[in-house]
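Lettering of chains follows the sequences in order, A, B, ..., and the numbering in each one begins at 1. Here the structure is a predicted model, which means the values were calculated and not measured.
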Amino acid sequence: MSDTGVKVPLQRIDAYRWRIPQSYQPEMRVPGIVYADDVLIEQIRQDNSLQQVANVATLPGIVGYSLAMPDIHWGYGFPVGGVAATDVETGVVSPGGIGFDINCGVRLLATGLSYQEVKGKADRLADELFQHLPSGVGGKGMRSLSERELREVMVRGAAWAVEQGYGFPEDLEVTEEGGCLTGASPEAVSTTAIQRGVNQLGSLGAGNHFCEVQVVDYIYDEEAARALGLYKDQVVTTIHCGSRGFGHQIAEDYIRVAESKQKDFGFKLVDRQLACLPLRSDLGKSYLGAMACGANFAWANRQLLMHGVRQAFSRVFGRQARPAEMPLVYDVCHNIAKIEEYRINGELQRVCVHRKGATRAFPAGHPAVPEKYRAVGQPVLIPGDMGRYSFVLVGAPGSMEQSFGTTCHGAGRQRSRTAAKKAISSKDLMAQLEAKGIAVRVHSKGLLAEEAPLAYKDAEQVVRVVHNAGLARLVVRLRPIIVVKG
DNA sequence: ATGTGC
């Protein structure tokens, strides 16, 4: 990761908040706010992500602040872990502010099994999972689609998958947006994207995407854990995946067209990667329609993958793990833009919230929180790294007051892929994980080291910041026992 | 993240 040597000024607000003053760059329309403690802020200073927070603050129509969560790191235009809200009338949408993996997200599946029951069969379960979940770069998915079927997926998302027999209608009630963003327009999606998408539904991909079997290791909040159906020593499964090559192609197509139109729109941005489209322009509307197609593909994708997980558990545990007894706890997306309403300076304002590596965290009582969780808040799923911990939180009222209903999304990368590979070999990492009692199955062994725990910040430190800042509340900690990767 | 470069 490069360091320009330019020091972005930071003013401490309190133990968990830092301000980048608007005076730093004349083009900034709002200040920046960074959520971090003393240790994390030093790690964040190591790359260019603070400069990117300042750059995002120059976007036309940006409202309030350019925000950064404690897991931020350098990304395309926006930092990963960045949040920006733009006015729907005067503002823009920046495709790079959603990211290449449209609706990359996380779902958590409960089981009725305890660690004691799974322990002796972990290797067999790992084999079954690896077999049921197609993975790898460019890999084909569980289901090939005709173009007509892909169109249904683009418009209907996870509901299409449920109708096809992958999972249950109840799954949709605990999926963000019900597993379908409205306003999808397949005509705004290129034929190249469609060609890439038809073979990829129900596939894990590679990189930081994974399926992990985990144990509920520590309970921070008994009442909230009970409401989410989670208890100590329970075995659960996390799926982290997105829209594969399909969403990637949509992002690439619109980033390219946005870059070519900046002059026409009269924009002179400080970074060409921030290329953006007025929300009221035809191109802006086309991007949002295409982005919704990518998002819906990702929800259908995670729905198929979850079906594969339920099948794998059933194969190993029989009647002890019937699919209907493995309820979906929740599904969040952490790379997306949404039109939402917030009270800003006393007035209700409709804004386009860009969440790039950032998770929605609506508090108790919010109408978008499923009824069964309404009293505790929206579940927030935070995968850590494969060797340490992941976390479940619930949204807290502070998110509505401070961060456009948003919190962090993960541990956050601390070392580049190249630096990680230099620091440890895949073989040594595999041995380390096995020694910790974690069964690992990986499609491309060479890529494993890029995702080593040492490549990531400490997720526990990240979630402590958002907990203490009042954006979300800690509920449980999860410890990995099986890792399946692309 | 990614048919891992254009």
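- Separating the CD atom of A/E259 from the C1' atom of B/dC6 is a distance of 15 Å, rounded to the nearest angstrom.
- In this view, A/T182 satisfies the side chain to side chain contact (heavy atoms under 4.5 Å, CB included) rule with no residue, not counting sequence neighbours.
- Remark: A/E340 pairs with A/R355 by the salt bridge (Lys or Arg N to Asp or Glu O under 4.0 Å) rule, at least two apart or across chains.
- Against DNA chain B, the stretch residues 75-82 of chain A makes no heavy-atom approach under 4.0 Å.
- If you check every strand for non-hydrogen atoms under 4.0 Å, A/Q195 touches nothing.
- With ring centers used as reference points, A/Y287 lies under 6.0 Å from A/Y254.
- Contacts of A/E434 classified as salt bridge (Lys or Arg N to Asp or Glu O under 4.0 Å), with partners at least two apart in sequence or in another chain: none.
- The residue among A/V137 and A/H248 whose nearest nucleotide of DNA chain B lies closer to the 5′ end is A/H248.
- In this structure, A/R256 places its CZ atom 9 Å from P of B/dC6, rounding to the nearest Å.
- Residues meeting the salt bridge (Lys or Arg N to Asp or Glu O under 4.0 Å) test with A/D428, sequence neighbours left out: none.
- Here A/H209 pairs with A/H240 under the ring pair (Phe, Tyr, Trp, His ring centres under 6.0 Å) rule; sequence neighbours left out.
- Whole-Å rounding puts the A/R244 CZ to B/dT2 C1' distance at 8 Å.
- One interatomic measurement links the two molecules: NZ of A/K421 to C1' of B/dT4, which rounds to 9 Å at whole-angstrom precision.
- Here B/dT2 presents its P atom at 17 Å from NZ of A/K140, a figure rounded to the nearest Å.
- Using a 4.0 Å cut-off between charged side-chain N and carboxylate O, A/R310 and A/D171 make a salt bridge.
- In this structure, A/N301 atom CG and B/dT2 atom C1' are separated by 14 Å, rounded to whole Å.
- Contacts of A/A206 with the nucleic acid, taken as non-hydrogen atoms under 4.0 Å apart, involve only primed sugar atoms and P, OP1 or OP2.
- The residue A/T192 sits close to a base: some heavy atom pair falls under 4.0 Å.
- The nearest whole Å value for the distance from the CZ atom in A/F246 to the P atom in B/dT2 is 14 Å.
- Atom C1' of nucleotide B/dT4 and atom CD of A/E252 are separated by 12 Å, given to the nearest angstrom.
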